[in-house]
Amino acid sequence: MNARGYGSIPSELCYWITFLSEALPLRSVGSFIELLIGAMLTPTGFVTDAYLMVNMRNHWTSYYKWLQQGKWSWLALARQFVRLVLANVKCDVIHLAIDDTLTLRSSKKAPGSRIHHQHGNKANLASYVLGQCWVNLAMIVRRSNGEPVALPLLSA
């Protein structure tokens, strides 16, 4: 344990973050690492929560602009993540899953916000709701204890 009561950062985690960073332009690596560590520390993983979790070097708008307009590729980062998983997960079979998620919105101004059929049949929601529909691709692998886990790859 260190002076703050936390254990040391596992060397595997440092290697994995470095490996993922190799898919990004050098000028993007600092912002990526700050947001990644912040997201790992939050219970939600939301960008705003990640920003508040870590003592960031820059103002919020810098991270927003980096995410929205930065000169880096989500696809390159996703490919690098797949390489990392395949190198570290020892499975004979890996399944891919596609699923959709509906994020409820109260404003019609939200990007991609439209009326969707709420197919979860939740009792407290109308049959048709305003929201954003996300389609997700995940890789399903088994943990060392045999439990399956879904690792998100892409969302669109």
Side-chain angles (χ1 to χ4, degrees), residues 1-2 6-54 63-64 66-105 110-156:
M1 296 261 183
N2 62 21
Y6 300 110
S8 63
I9 298 173
S11 60
E12 295 87 9
L13 180 59
C14 294
Y15 169 76
W16 295 339
I17 292 171
T18 302
F19 184 80
L20 290 174
S21 298
E22 292 172 358
L24 300 168
L26 189 56
R27 68 177 181 261
S28 293
V29 172
S31 297
F32 169 72
I33 291 174
E34 286 178 330
L35 287 174
L36 179 64
I37 298 296
M40 289 190 307
L41 294 173
T42 67
T44 64
F46 293 126
V47 174
T48 50
D49 291 339
Y51 179 80
L52 295 172
M53 260 327 229
V54 178
Y63 300 96
Y64 175 80
W66 178 74
L67 288 169
Q68 293 294 319
Q69 305 161 0
K71 305 293 184 213
W72 59 282
S73 168
W74 283 99
L75 293 176
L77 188 57
R79 282 190 297 270
Q80 193 75 342
F81 180 69
V82 170
R83 287 185 198 102
L84 179 67
V85 171
L86 292 176
N88 288 281
V89 174
K90 307 301 179 215
C91 291
D92 293 334
V93 177
I94 296 176
H95 299 276
L96 295 177
I98 298 174
D99 192 22
D100 64 329
T101 301
L102 187 60
T103 304
L104 299 178
R105 296 292 178 218
S113 183
R114 358 186 120 78
I115 301 294
H116 295 278
H117 180 257
Q118 187 270 116
H119 60 272
N121 296 324
K122 295 181 180 169
N124 60 338
L125 291 177
S127 294
Y128 292 89
V129 293
L130 180 66
Q132 296 166 304
C133 186
W134 296 91
V135 177
N136 307 293
L137 175 66
M139 181 186 298
I140 312 297
V141 296
R142 295 216 176 259
R143 296 180 184 190
S144 57
N145 65 1
E147 291 292 315
V149 62
L151 301 173
L153 302 176
L154 291 172
S155 294

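Nothing fancy with the numbering, it's 1 onward along the sequence.
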Shortest non-hydrogen contact from Val54 toward Gly38: CG2-CA, 3.4 Å
Of all pairs that satisfy ring-ring contact (aromatic ring centres under 6.0 Å, His included), the ones with a partner from residues 121-156, not counting sequence neighbours: His117-Tyr128
Set of residues satisfying side chain to side chain donor-acceptor pair (under 3.5 Å) with respect to Ser127, sequence neighbours excluded: none
Ring pair (Phe, Tyr, Trp, His ring centres under 6.0 Å) partners of Tyr51, counting only residues at least two apart: Trp60, Tyr63
Heavy-atom neighbours of Leu26 CG exceed 12 at 6.0 Å: no
Pairs touching residues 141-156 that satisfy salt bridge (charged side-chain N to carboxylate O under 4.0 Å, His left out), sequence neighbours left out: none
Partners meeting side chain to side chain donor-acceptor pair (under 3.5 Å) with Arg83 (sequence neighbours left out): Gln80
Residue pairs passing the salt bridge (charged side-chain N to carboxylate O under 4.0 Å, His left out) test where at least one lies in residues 23-37, sequence neighbours excluded: Glu34-Arg57
Which atom of Ala39 lies closest to which atom of Ala50, heavy atoms considered: N-CB, 3.3 Å
Those residues that, when tested against Ser155, pass side chain to side chain donor-acceptor pair (under 3.5 Å) (two or more places apart): Asn136
Whether over 12 other heavy atoms sit under 6.0 Å from Lys71 NZ: no
Any residue meeting side chain to side chain donor-acceptor pair (under 3.5 Å) with Glu22, in chain and number order, not counting sequence neighbours: none
Which residues share a side chain to side chain contact (heavy atoms under 4.5 Å, CB included) with Ser144, sequence neighbours left out: none
Nearest heavy-atom neighbours spanning Ala78 and Leu153: CB-O, 3.8 Å
Set of residues satisfying ring pair (Phe, Tyr, Trp, His ring centres under 6.0 Å) with respect to Trp66, sequence neighbours excluded: Trp72
Side chain to side chain contact (heavy atoms under 4.5 Å, CB included) partners of Leu52, counting only residues at least two apart: none
ring-ring contact (aromatic ring centres under 6.0 Å, His included) pairs, two or more places apart, involving residues 135-156: none
Within 6.0 angstrom of Asn145 CG, more than 12 heavy atoms from elsewhere: yes
Ile94 versus Met139, closest heavy-atom pair with distance: CG2-CG, 3.1 Å
Audit row: Ile140, Val149, side-chain contact (heavy atoms from CB on, under 4.5 Å) steps and yes/no: CA-CA 6 Å; Ile140 312 297; Val149 62; over 6 Å; no
